[in-house]
Amino acid sequence: KIRVIIFELETLSQRQYAMFKRIFPNAYFSALFGSSQVHYPGYTCKELWQDKPNLYHPLPDVLWELMEIGGNKLVKKAGETGEIVTTKIFNGAGMPLFRYRTEDCARIVKTPCNCKVKTYELVGRVEIDYINIPGGGRLWKAEIERVIDLYKKDVEDDYELRVSEGSDSIYSRLRLELAVRPYGQIFDLTNFAREIEKKLRIGPNQLLISAIKKKSCESLSCVLLPK
């Protein structure tokens, strides 16, 4: 029997994790997060892996802090997102790095696991994996995948998010179009859009629907993703 499976570097999606769990139901899964800038700064414990495959603890010899994206202020509140900066705790082997900016971003998890170690949720890369929402807030790629996974019985995990600038007679607004591929022939795309815009988080206490109500962006639209 295969009892332990360790994933390295790239994070797994919820559906990839579910697939491996189905194939190897008795295996213990763990993962080492491989930053593009720093070698293996984080890991998953057994409890975290059962919850989400993109939740990580810092390694014992690495200190994680979050810095505001594009700024120099530390992010400390649960639910807030920032760029991971790492400090290698000196162990006598070489020169330590202090607050090295990794360009990887994470969110502070409010409730840590029983390990009593700080927990972070990886959300993406600086200037690549998010869209700035006018008026404040960011819509992360990982957040879109989280919400789409809530409807895994209805739609495939392939999607496209198309961003453009809509306009009316007064001013321009951000326009978001989500292309998905439903399993069934009959699927209400309009109702699907109304549902997920109420679930997509753009900040610690902000949802996409709040930006829509403030007219910072247009209502989300959903279309079919071509095969």
Side-chain angles (χ1 to χ4, degrees), residues 7 10-25 29 31 33 44 47-56 78-81 105-111 113 119-125 128-134 137-164 166 173-214 216-227:
F7 297 93
E10 296 290 340
T11 59
L12 289 181
S13 69
Q14 292 279 5
R15 296 195 192 189
Q16 287 172 326
Y17 165 65
M19 178 190 69
F20 281 110
K21 190 65 178 175
R22 186 172 61 253
I23 297 172
F24 305 103
F29 294 90
F33 161 52
T44 60
E47 183 177 344
L48 288 184
W49 191 261
Q50 296 299 326
D51 188 9
K52 283 184 178 181
N54 60 338
L55 295 181
Y56 290 85
E80 291 188 339
T81 300
C105 298
R107 180 183 293 115
I108 302 172
V109 176
K110 184 176 182 180
T111 305
C113 74
T119 306
Y120 299 87
E121 179 183 3
L122 292 180
V123 296
R125 295 279 292 165
I128 297 177
D129 292 333
Y130 65 84
I131 298 165
N132 282 317
I133 303 298
R138 292 185 175 93
L139 179 58
W140 288 88
K141 171 177 171 284
E143 177 63 10
I144 299 170
E145 293 172 354
R146 180 191 71 84
V147 173
I148 287 179
D149 190 65
L150 299 175
Y151 299 89
K152 57 189 174 184
K153 294 182 179 180
D154 301 312
V155 296
E156 298 180 17
D157 55 356
D158 288 338
Y159 72 91
E160 290 180 5
L161 182 65
R162 301 159 183 169
V163 184
S164 60
R173 293 184 292 182
L174 185 70
R175 175 182 291 165
L176 301 175
E177 181 182 82
L178 183 65
V180 295
R181 187 176 293 132
Y183 288 119
Q185 295 294 325
I186 302 175
F187 189 77
D188 190 336
L189 290 166
T190 301
N191 184 61
F192 182 63
R194 298 293 78 76
E195 285 188 29
I196 63 176
E197 67 187 13
K198 296 176 183 177
K199 294 181 172 67
L200 287 168
R201 301 173 300 189
I202 60 173
N205 299 301
Q206 289 179 284
L207 298 172
L208 181 61
I209 187 65
S210 63
I212 294 171
K213 289 180 178 179
K214 293 177 182 177
S216 298
C217 64
E218 296 184 3
S219 294
L220 180 70
S221 62
C222 285
V223 297
L224 292 176
L225 181 66
K227 292 186 179 180

Tell me the closest heavy-atom pair linking [X] and [Y], and the distance in Å.
| X | Y | answer |
| --- | --- | --- |
| Arg194 | Ser219 | NH2-CB, 3.5 Å |
| Val223 | Glu177 | CG1-OE2, 3.7 Å |
| Pro204 | Glu80 | CG-CG, 3.6 Å |
| Ile202 | Ala211 | CD1-CB, 4.0 Å |
| Glu197 | Ile212 | OE1-CD1, 3.2 Å |
| Ala142 | Leu122 | CB-O, 4.1 Å |

Once you round to the nearest 0.5 Å, how far does [atom1] of [X] lie from [atom2] of [Y]?
| X | Y | atom1 | atom2 | value |
| --- | --- | --- | --- | --- |
| Ile196 | Leu220 | CD1 | CG | 5.0 Å |
| Arg138 | Ile131 | CZ | CD1 | 12.0 Å |
| Ile133 | Leu200 | CD1 | CG | 9.0 Å |
| Lys198 | Ser210 | NZ | OG | 13.0 Å |
| Lys199 | Leu150 | NZ | CG | 7.0 Å |
| Tyr120 | Tyr56 | OH | OH | 15.0 Å |

Carboxylate-amine/guanidinium proximity below 4.0 Å for Arg162 and Glu160: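 Between Glu160 and Arg162 there is a salt bridge, with a charged N closer than 4.0 Å to a carboxylate O.
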Pairing residues for [X] by the side-chain contact (heavy atoms from CB on, under 4.5 Å) criterion, not counting sequence neighbours:
| X | answer |
| --- | --- |
| Asn191 | Asp188, Glu195 |
| Leu189 | Val180, Phe187, Cys222, Leu224 |
| Leu207 | Arg201, Ile209 |

Going by ring-ring contact (aromatic ring centres under 6.0 Å, His included), name the residues that satisfy it together with Phe20, two or more places apart in sequence or in a different chain.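 Partners of Phe20 by the ring-ring contact (aromatic ring centres under 6.0 Å, His included) criterion, ordered by chain and then number, come out as Phe7.
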Under the side-chain hydrogen bond (donor to acceptor under 3.5 Å, both in side chains) test, residues paired with Asp149 that sit two or more places apart: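 side-chain hydrogen bond (donor to acceptor under 3.5 Å, both in side chains) check on Asp149 returns Arg15.
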Do Val123 and Asp129 have side-chain heavy atoms sitting under 4.5 Å apart?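 Not touching, per the 4.5 Å side-chain cut-off.
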Exercise for review: Sorted by first residue and then second, give each ring pair (Phe, Tyr, Trp, His ring centres under 6.0 Å) pair with at least one member in residues 142-164; sequence neighbours left out.
Suggested key: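 Ring pair (Phe, Tyr, Trp, His ring centres under 6.0 Å) check on residues 142-164 returns Tyr151-Phe192.
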